[in-house]
Structure formats: C-alpha cells, structure tokens
Visitor: 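Please find one structure pasted underneath; my questions will follow.
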Number of protein chains: 2
Amino acid sequence: MNVVNESPRRKELTRLAAQLFVQEGFDRTTVRMLAQEMGIKSGSLFHHFRDKQEILAAVIEEGTQNALSIARQALESCEDSAEARLHAMARAHLETLLTDRNAHVVALYEWRRLDAESRSHLSHLRDAYEALWERVIDEALEAGLIRGDRFLVSRFVMGALNWTVRWYDPEGPRKPEDLAHELIAMIAPSTHAAQARSTKV
Amino acid sequence: MNVVNESPRRKELTRLAAQLFVQEGFDRTTVRMLAQEMGIKSGSLFHHFRDKQEILAAVIEEGTQNALSIARQALESCEDSAEARLHAMARAHLETLLTDRNAHVVALYEWRRLDAESRSHLSHLRDAYEALWERVIDEALEAGLIRGDRFLVSRFVMGALNWTVRWYDPEGPRKPEDLAHELIAMIAPSTHAAQARSTKV
DNA sequence: GGTTTACACTAGCGCTTGCTTGGTTGATCT
DNA sequence: AGATCAACCAAGCAAGCGCTAGTGTAAACC
C-alpha cells in the first residue's frame with residue numbers, strides 16, 4: 001500500500017518530479033510522464049504517493065526544508081555583525097538556487113496548485129524561513145546599515161532575490177557570493193562591501 | 001467564423017478570462033468555466049477566439065500594451081532629472097498593478113504556457129518595456145544617483161517591483177506613490193526622497 | 001426584401017486524465 | 001521453508017478535456 005514515509009526511493013522520485021514540474025508545469029505534467037521519467041509504469045507511482053498532489057507537496061517541502069537548514073547554518077557560522085549576517089543570508093539564499101533550483105522554482109510557481117491542507121502545512125515552513133529574513137533585516141535597520149520601512153524593505157529584498165530564478169545562470173561568471181555582495185552594496189552603500197566594489201569598478 | 005479582431009466584446013471577454021486565469025491557473029481553467037463566466041455556452045467561445053491559447057495571448061498582450069503606454073506617458077510628462085524619471089517609472093509600474101493586476105499576474109505566472117509563436121510575438125513587447133527600464137537605470141547610474149552593475153541593478157529592481165503582486169494590497173494604506181518613494185530611498189539613499197523619508201520617520 | 005454578418009446554441013466526437021484493481025516478483029526475515 | 005513485504009505491472013474505468021459541425025436568429029446592409 002502507499003505510504004507517507006521518507007524512503008530513499010521516494011526522495012529520488014521527488015527529485016525527478018521537481019525537474020518535470022519545472023519543464024512542463026504541474027498541471028501539464030501527467031502521471032504517465034512522471035512514471036516514464038522514473039522508469040516505472042503509471043500505476044506503480046501510487047505506491048509511493050497517495051495522489052499527484054502529494055508529489056507536489058513533497059517537492060516543495062524538500063526544497064523549503066533545505067533552504068531553511070542552510071540559512072540557519074549560515075547564520076550560526078558567520079560573524080556577529082549585522083552586515084555579516086545580512087550577507088550570509090543573501091548568500092545562502094542564492095546558493096540554494098544552485099543546488100535546489102528545481103524545487104524552488106516549483107515552490108514559487110506552483111504554490112497555488114497545492115490543496116488547502118498541504119498549503120497550510122507548508123506555509124508554516126515558509127513563514128519560518130521568512131522570519132529569519134525579517135530578523136536579519138531588523139538587525140540591519142537597528143545597526144543603521146540600511147534604513148526604511150521594515151515591512152517594505154524585507155519585501156523588496158525578498159523580491160529581488162526570488163526573482164533571480166528567472167535570470168540567474170549558474171554557468172555564468174557571476175557567483176552567488178558576487179550577487180550577494182552587489183545586492184547589499186545596492187541597499188547599504190556605506191558598507192565595506194560597497195566601498196570595495198565601487199573602487200574596484 | 002472566428003476572428004482575430006479587436007471587438008469591444010472580445011476585450012470584455014479577455015478581462016473576464018484574466019480573472020479566471022488568476023484564480024485557477026491557465027491549465028485548470030476549462031473552456032466551459034470561461035464560457036459560464038462570460039454567460040455563453042462553451043461552443044460559442046470559439047467564435048471570438050481561435051483556441052484556448054489565443055485567449056491567454058490576448059490577456060497578456062492587453063496587459064503588456066497598457067503597461068508600456070502608461071510607462072511611456074509617465075516618462076514624457078515628468079521632470080527631466082534622473083531621479084524624477086526613475087520615480088516616474090517605479091510609480092507607473094506599480095499603478096498598472098492596481099488597474100491591470102489580473103493581466104500582469106497572468107503574464108508573470110503563465111508565460112510558459114504560451115505556444116512558440118505567441119511567445120515570440122509577446123516577448124518583443126516585453127523587451128520594449130524592459131528597455132525603458134534599462135535606459136532609466138542607465139541614466140541614474142550616469143547621474144551617480146545609484147551605483148553598481150548595470151545588469152544586476154536593473155534585475156534587482158525589476159525583481160523587487162514584480163514581486164509586489166505577491167503581497168501588495170491595493171486596499172491597504174500604502175499607495176503606489178509611497179512604494180515608489182520607499183524603493184528609491186532604499187537604493188539611492190542620497191536623494192531628496194530618502195532625506196524626506198528618513199527625517200519624517 | 002433579400003442577403004449577409006455577428007453571435008449564440010445543441011450535441012457530441014475523440015482523446016487524455018488521475019486513479020483503481022488485482023495480481024506478480026524477488027528479496028528479507030523467522 | 002514458509003511468511004511477509006515493498007515494489008512493480010497490465011488493464012481499464014469514469015470523468016473531463018478542447019474543440020467541431022451544423023443550425024437558429026436578430027440586426028445591418030444593399
């Protein structure tokens with residue numbers, strides 16, 4: 001019978017599903033396409049997942065969990081200044097786009113295809129991630145690193161970062177490190193990062 | 001027979017379609033749902049549009065055309081300083097989200113469901129709009145209003161602005177004017193806008 | 001006053017969809 | 001050696017899909 005466990009097989013299938021969801025979109029991806037990509041028949045798919053919705057939820061959960069743990073780890077292992085923490089968060093965020101790009105694209109584009117219960121479960125995860133951001137931005141505001149409305153600044157920054165999935169090319173010359181620097185230089189021009197940049201160019 | 005004209009009836013139907021596409025997503029919206037919303041039977045729909053794809057293209061074209069003409073008008077009727085032009089663009093962008101929100105959400109989320117020919121036609125329109133942005137940002141860079149990499153700054157700004165469709169509440173206290181001010185204050189802290197803000201708060 | 005045109009209807013074809021059912025296989029455990 | 005179990009398959013159902021064909025009708029035009 002079908003299970004809700006976390007078998008390694010299921011994780012691999014989730015990874016493949018994420019790729020197809022990005023290529024085709026959730027609604028256009030049929031269970032037959034998913035099965036073929038996985039090397040099994042469409043019926044066998046429902047041994048691993050209750051229904052198609054559950055595959056989508058699994059993809060998004062996987063990606064968000066990873067982003068959350070990477071961000072937490074980055075915050076723990078960086079210097080304690082507001083600037084260092086802001087930079088660590090931006091860099092962590094961009095690095096997950098390298099390693100988990102598919103899952104994040106799905107989370108951004110197909111969120112609304114989740115049913116009500118998956119959505120409420122996953123929105124807690126997402127809230128936890130965004131809370132990390134708001135806290136780091138609060139610290140930056142208090143330190144006078146940046147200024148402006150707390151709510152608006154965090155939304156603008158999240159927007160700029162999330163939008164990167166649209167244009168960022170991991171094969172290109174720009175590394176996540178560079179993007180993080182440039183973003184912080186843009187919103188906090190009085191930092192070391194900004195000065196290093198503006199004299200270099 | 002079905003036509004490709006621009007009858008007022010077709011425009012009204014396009015507006016209704018945009019709303020449904022936002023609520024349900026393009027793939028989940030059936031021609032029967034569209035017809036019901038329009039008060040006709042599903043077969044009658046194909047008198048106005050060749051196929052379902054064409055409805056999507058019509059929605060996106062309408063929204064992009066409006067954004068483009070509003071932006072051009074804003075640039076023509078504003079002061080000639082780099083700061084004024086940047087502000088005019090940001091404000092125009094946010095105001096189209098008020099008046100044409102549905103169409104823009106569709107353009108952002110359902111772009112990939114366009115077939116090849118619609119996509120190539122519409123991407124010219126979108127490029128024209130983004131070119132306006134790049135030019136204004138170039139001017140701001142030259143004027144020393146902001147600093148940083150031309151490519152990255154424009155992507156970050158577009159990201160922050162486009163992301164607003166996710167959280168912006170037109171009924172709330174913040175007006176497009178305010179958002180535009182705040183965004184510019186964030187990326188160009190030495191402007192009048194920034195000083196007015198930071199002393200006021 | 002006859003023809004055309006715009007817009008709508010009814011009915012349904014051919015196909016695809018997500019998912020179910022009942023059964024087979026090979027490895028693991030006792 | 002027998003039992004258990006995860007993993008898979010073949011076959012197909014019921015529902016829904018985009019779209020077409022053929023027809024009706026009221027207004028507009030010549």
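Just so it is clear: chains get the letters A, B, ... in the order the sequence lines come, proteins before strands, and each one is counted from 1. Quick note: numbers below take in every heavy atom, side chains included, and nothing from hydrogens, waters or symmetry partners.
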Visitor: In whole angstrom, what separates B:Asp51's CG from D:dG18's C1'?
Guide: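 Nearest whole value for this atom pair: 9 Å.
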Visitor: Would you mind reading off the distance between A:Phe49 atom CZ and D:dA7 atom P, rounded to a whole angstrom?
Guide: 11 Å
Visitor: Using a strict threshold of under 4.0 Å (side-chain N to carboxylate O), is an ion pair present between A:Asp27 and B:Arg113?
Guide: no
Visitor: From the list C:dC19, C:dA8, D:dC8, which nucleotide is the closest neighbour of the side chain of A:His47?
Guide: D:dC8
Visitor: Taking all atoms of both residues into account, what is the closest heavy-atom pair of A:Val31 and A:Leu45, and its distance?
Guide: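 Result for this residue pair: O-CD1, 3.4 Å.
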Visitor: Does A:Arg166 count as lying over the ring of B:Trp111, i.e. NZ or CZ under 6.0 Å from the six-ring centre, within 45 degrees of the axis?
Guide: no
Visitor: Where along residues 30-44 of chain B does a heavy atom come under 4.0 Å from DNA chain D, residue by residue in number order?
Guide: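 Within residues 30-44 of chain B, the residues near DNA chain D are B:Thr30, B:Val31, B:Arg32, B:Ser42, B:Gly43.
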Visitor: Which atom pairs, donor and acceptor, lie under 3.5 Å between side-chain atoms of residues 65-77 of chain B and protein residues at least two apart or in another chain?
Guide:
| from | atom 1 | to | atom 2 | distance (Å) |
| --- | --- | --- | --- | --- |
| B:Asn66 | ND2 | B:Asp100 | OD2 | 2.6 |
| B:Ser69 | OG | B:Asn66 | O | 3.2 |
| B:Ser77 | OG | B:Gln73 | O | 3.0 |

Visitor: For the OH atom of A:Tyr129 and the CD atom of A:Glu134, what is their distance to the nearest 0.5 Å?
Guide: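 Rounded to the nearest 0.5 Å, the OH-CD separation comes out at 12.5 Å.
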Visitor: Within a strict 4.5 Å, meaning less than it, do heavy atoms of the B:Phe156 and B:Ile187 side chains meet?
Guide: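 No, every pair of side-chain atoms sits at 4.5 Å or beyond.
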Visitor: Can you see if the side chain of B:Arg9 gets near the phosphate of C:dA8 - specifically, an N or O under 4.0 Å from OP1 or OP2?
Guide: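 Checking B:Arg9 against C:dA8: at least one side-chain N or O falls below 4.0 Å of OP1 or OP2.
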Visitor: Where the side chain of B:His48 is defined as all heavy atoms beyond and including C-beta, which of D:dA6, D:dC19, C:dC7 is the nearest nucleotide?
Guide: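 Ranking D:dA6, D:dC19, C:dC7 by closest atom to the B:His48 side chain puts C:dC7 first.
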Visitor: Below 30° counts as parallel, above 60° as perpendicular, anything between as tilted: where do the rings of B:His181 and B:His87 land?
Guide: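 If you compare the ring of B:His181 with that of B:His87, the planes turn out tilted.
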Visitor: For B:Lys52 and D:dC19, give me the distance from atom NZ to atom P, rounded to whole Å.
Guide: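 My rounded result for the distance is 8 Å.
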Visitor: How long is the line joining CG of B:Leu45 and P of D:dC19, in whole Å?
Guide: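 About 10 Å, once rounded to whole Å.
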Visitor: State, to 0.1 Å, how close A:Ile146 and A:Ala188 come at their nearest heavy-atom pair, and which atoms those are.
Guide: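 Smallest interatomic distance, heavy atoms only, reads CG2-CB, 3.5 Å.
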Visitor: Check DNA chain C against residues 12-28 of chain B and give the residues with a non-hydrogen atom under 4.0 Å, in numerical order.
Guide: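 Going residue by residue through residues 12-28 of chain B, none turns out to have a heavy atom under 4.0 Å of DNA chain C.
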Visitor: In whole angstrom, give the distance that lies between atom CZ of B:Arg10 and atom P of C:dC7.
Guide: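 Rounded to whole Å, this separation is 12 Å.
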Visitor: What is the distance from CZ of B:Phe46 to P of D:dG18, rounded to the nearest Å?
Guide: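 Nearest whole value for this atom pair: 7 Å.
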Visitor: For the residue pair A:Asn162 and A:His93, confirm or rule out a side-chain donor-acceptor distance under 3.5 Å.
Guide: yes
